[in-house]
**Student:** 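First the structure, then my questions, so here it is.
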Amino acid sequence: MVHQTLDTDLLILGSGGAGLFAALHAHKADPSLSITVAVKGLLGKCGCTRMVQGGYNVALAKEDSIERHFMDTIEGGKWLPDQDLAWKLVTLAIERIRELENELGCFFDRNPDGTVHQKAFAGQTFDRTVHKGDLTGIEIINRLAEQVWARKINRLEEFRAVELIKNKTNSAIAGVLFIDMRTGEYALVRAKAVLLATGGGPTMYKYHTPSGDKTCDGLAMALRAGLPLRDMEMVQFHPTGLLAGTQTRMTGTVLEEGLRGAGGYLLNGAKERFMPKYDAKAERATRDFVSRAMFTEMRRGSTSPNGGLFISMSHLGREKVARDFKGMVERCADCGFDLAGGLVEVVPTAHYLMGGVEFAPDCSTELRGLFVAGEDAGGVHGANRLGGNGVANSTVFGAVAGDVMAEWVRKEDLKEADAASVENALSSCEAPFKANTGTLEPLRERLYEVMWQKVGIIRDDAGLRSALSELNALEEELQGTGVADGNRAFNLTWHDWLNLKSLVQTSRAIATAALARTDSRGAHFREDYPETGPLEDSFFIRSRLKDGKLETSTRPVAFTRVKPGQTLLKDAA
Ligand SMILES: Cc1cc2nc3c(=O)[nH]c(=O)nc-3n(C[C@H](O)[C@H](O)[C@H](O)COP(=O)(O)OP(=O)(O)OC[C@H]3O[C@@H](n4cnc5c(N)ncnc54)[C@H](O)[C@@H]3O)c2cc1C
């Protein structure tokens, strides 16, 4: 039963860069609005925006331009991004970075002449990544959280969204069903507008970087609500995840790209450097390319003790490495590795979902009253996200959503929630208490393995089909695996069960889209279809759950600003 019903004008799911920017902008537009941020963790302490190390892409320098940032984003995304979304990203990033510095109080690193320091990041033709050392995300989220705390914005923390609830006629969103994790009780929050900003996050892979609170709940809820998702086959792997054995959560965490940028070597199990035989740029090739070469080496069986490869920095000089990569050296030392003088085990690690809910440049979705921003939203990055465009994406579109939703709720009333949908959602959350108690760990391990082996860096038809049937079996087994009932306050096994459900459902969407895309592009590589095909015929894959079945279709990319072979750069034309 629903223990508590709350009403609010504007409900925001998630407190990353997207959620907090939306809250602040909506409040600024109309301080009299009732704004509620509901979050699975603690506000300011969870999600991936806090984990941002590298920085924020924005065209600030005189010699740079929004056209250049735009072209880098489109070419990096292999001509798959929605160009109107990408244009909004690069233009509004300038406003947001100024707001972060001048209104919200972020301190970013500066040059001796007082200008903001911008560093190089892979895939960009200009050094445009603004940062605060390598702790940029902490600076951004701390300042955003302080500003939210200082305002009359309601907070529901450790409050997990479990279903989007529509009105009786199925024509609009009426609210969201939650589990209050502190008590285990259900709550229904009705709202005139809802923002989905739960941050995606490919945590269904054996090796992954995102925070543990992210289990694709938002994407799974969107699928179950019948919304179209796009580009779900596009999963970004970061080449150098730390590999320190199964007993530590440090495995999978990122060793920064700068190590390769500075001249680090990747070695196989025989301690031989292999990247030069794959690409002239060797270790400095793009993330997708390096990850693929690494996976190929690993498949050949030449691996490190834990089944990965090695990174070696010692040829650059122990003192230099210790000085330039202090944080990374310490992280490796914590796991028993000597980065400055020895070898460190690494493995490609799932980092980011380019795919997400289809949305318009004003953040609206197909479902009236539902908006989306940040990593839950699809279409901004296409087949590849540039490092530094992730946090720009969440802050830019979070702010847009806040502005638009504040205006939107003026004309809207609260809607009555469809009682049958609430009942269905409740019974689906209660399912594990009705089944015989079992163990979730083996199911999680199987999910990790199937996604890593068959829906990961290198894919093919047979592997994807076999993965889909394993995912279907996993979903069924999960349904039959019970959780002991009793005290439901912080019942983490129950939440693990719900996490797995979201992950399996989203994994099926990834595998289905990957099967539907019979070419190779950016992060998606099909061994049986290695060619990219003509860029001018670019299409994206739309996935939608209909009558319990995932359907895919293709949609042409609209080249609204520039066509393949053209550029917006005047000096290059
Ligand atoms: C280690 C790491 C380093 C990165 N470095 C960079 C970088 O240098 N530059 C860059 O541009 N990008 C980087 N990224 C990517 C970037 O962090 C993300 O793209 C971006 O922060 C996503 O913002 P978001 O607001 O969409 O989601 P997040 O910041 O992840 O926030 C999601 C929020 O949703 C909440 N949530 C989840 N499920 C539920 C639920 N069911 N109910 C309620 N709340 C829920 C979470 O608790 C969290 O508060 C990095 C990512 C990682 C993991």
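Starting from 1, each residue takes its place in the sequence as its number. Heavy-atom basis, side chains included; hydrogens, waters and symmetry copies ignored.
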**Student:** Nearest heavy-atom pair of Leu10 and Ala26: which atoms, and what distance?
**Tutor:**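 Scanning both residues, the minimum pair turns out to be CD1-CB, 3.9 Å.
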**Student:** Kindly indicate whether the side chain of Val562, heavy atoms from C-beta on, has any atom under 4.5 Å from the side chain of Phe70.
**Tutor:**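 They are in contact (side-chain heavy atoms under 4.5 Å apart), so the answer is yes.
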**Student:** Keeping Glu257 on the side-chain end and His238 on the backbone end, is there a donor-acceptor pair under 3.5 Å?
**Tutor:**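 No, because the side chain of Glu257 does not come within donor-acceptor range (under 3.5 Å) of the backbone of His238.
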**Student:** Does Leu227 reach the side chain of Leu370, with side-chain heavy atoms less than 4.5 Å apart?
**Tutor:**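 The answer is yes; the side chains approach within 4.5 Å.
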**Student:** Parallel, tilted or perpendicular: which describes the rings of Phe178 and Phe159, with under 30° parallel and over 60° perpendicular?
**Tutor:**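 Phe178 vs Phe159 ring planes: tilted.
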**Student:** Could you tell me whether Arg410 and Asp30 have a side-chain N and a carboxylate O separated by less than 4.0 Å?
**Tutor:**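 Here Arg410 pairs with Asp30 in a salt bridge, since their nearest N and O are under 4.0 Å apart.
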**Student:** Measuring centre to centre across the rings, with the benzene-like ring taken for any Trp, is Tyr205 within less than 6.0 Å of Phe237?
**Tutor:**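 That pair passes the under 6.0 Å test.
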**Student:** Determine, stepwise, if the pair Arg143 / Glu146 fulfils salt bridge (Lys or Arg N to Asp or Glu O under 4.0 Å).
**Tutor:** CA-CA 5 Å; Arg143 301 294 82 78; Glu146 286 161 6; 2.8 Å; yes
**Student:** Would you kindly check if the NZ (Lys) or CZ (Arg) of Arg230 is within the cone defined by 45 degrees around the ring axis of Phe540 and under 6.0 Å from the six-membered ring centre?
**Tutor:**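 Yes, Arg230 lies over the aromatic ring of Phe540.
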**Student:** Measure across Gly218 and Asp376 and return the closest heavy-atom pair with its distance rounded to 0.1 Å.
**Tutor:**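 Taking every non-hydrogen atom into account, CA-OD2, 4.2 Å.
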**Student:** Which distance, rounded to the nearest 0.5 Å, do you find between the OG of Ser502 and the CE of Met221?
**Tutor:**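 Spacing of OG (Ser502) from CE (Met221) equals 7.5 Å.
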**Student:** When you compare the side chains of His131 and Thr136, does any donor N or O come within less than 3.5 Å of an acceptor on the partner?
**Tutor:**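 Judged by distance alone, the side chains do not pair up.
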**Student:** On a heavy-atom basis, which atom in Thr349 and which in Gly252 lie closest, and how many Å separate them?
**Tutor:**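 The answer is OG1-O, 2.8 Å.
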**Student:** For the residue pair Ala193 and Phe371, what are the closest heavy atoms and their distance?
**Tutor:**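 Closest pair (atom of Ala193, atom of Phe371, distance): CB-CE1, 4.0 Å.
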**Student:** Would you say Ser34 and Thr8 are linked by a side-chain donor-acceptor pair, where the criterion is simply a distance under 3.5 Å?
**Tutor:**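 Yes, Ser34 and Thr8 have a side-chain donor paired with an acceptor closer than 3.5 Å.
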**Student:** Just checking, is any N or O donor in the side chain of Asp231 or His524 under 3.5 Å from an acceptor N or O on the other one?
**Tutor:**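 Checked: Asp231/His524 side chains show no N/O donor-acceptor pair below 3.5 Å.
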**Student:** Between Arg385 and Glu375, does any side-chain N to carboxylate O distance fall below 4.0 Å?
**Tutor:**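 Result for this pair is no, no salt bridge flagged.
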**Student:** For residues Lys320 and Met313, determine if any side-chain heavy atom of one lies less than 4.5 Å from a side-chain heavy atom of the other.
**Tutor:**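 A side-chain contact under 4.5 Å is absent here.
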**Student:** Testing the basics here: between Asp64 and Val58, what is the closest heavy-atom pair and its distance to 0.1 Å?
**Tutor:**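 Here Asp64 and Val58 meet closest at OD2-O, 4.3 Å.
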**Student:** Taking atom NE2 of His117 and atom OG1 of Thr129, what is their separation to the nearest 0.5 Å?
**Tutor:**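 So the NE2 of His117 and the OG1 of Thr129 are separated by 10.0 Å.
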**Student:** List the steps, then state whether salt bridge (Lys or Arg N to Asp or Glu O under 4.0 Å) holds for Arg128 with Asp72.
**Tutor:** CA-CA 11 Å; Arg128 65 167 71 89; Asp72 286 347; 2.8 Å; yes
**Student:** Less than 4.0 angstrom from a charged side-chain N to a carboxylate O is my criterion; do Lys28 and Glu103 meet it?
**Tutor:**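 So Lys28 pairs with Glu103 through a salt bridge.
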**Student:** I'd like to know if the side chain of Arg151 pairs up with that of Gln147 as donor and acceptor (distance under 3.5 Å, no hydrogens or angles considered).
**Tutor:**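 A pair is found: one side chain offers a donor N or O, the other an acceptor, under 3.5 Å apart.
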**Student:** Is any NZ, NE, NH1 or NH2 atom of the basic residue among Asp213 and Lys40 found under 4.0 Å from an Asp or Glu carboxylate oxygen of the other?
**Tutor:**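 Looking at Asp213 and Lys40, the cut-off is not met.
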**Student:** Among Ile173, Leu196, Val189, whose side-chain contact (heavy atoms from CB on, under 4.5 Å) with Leu11 holds?
**Tutor:**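 Result: among Ile173, Leu196, Val189, Val189 is the only option passing the side-chain contact (heavy atoms from CB on, under 4.5 Å) with Leu11.
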**Student:** When you compare the side chains of Asn384 and Thr286, does any donor N or O come within less than 3.5 Å of an acceptor on the partner?
**Tutor:**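 Result is no, nothing qualifies.
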**Student:** Could you tell me if Gln124 and Asn57 have a donor-acceptor pair between their side chains, going purely by distance under 3.5 Å?
**Tutor:**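 Per modelled atom types, Asn57 and Gln124 side chains form a pair under 3.5 Å.
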**Student:** With a 4.5 Å limit on heavy-atom distance, are the side chains of Thr125 and Leu569 in contact?
**Tutor:**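 No, their side chains stay 4.5 Å or more apart.
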**Student:** Less than 4.5 Å apart, side chain to side chain, heavy atoms only: is that true for Cys106 and Lys132?
**Tutor:**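 Of all side-chain heavy-atom pairs linking Lys132 with Cys106, none is under 4.5 Å.
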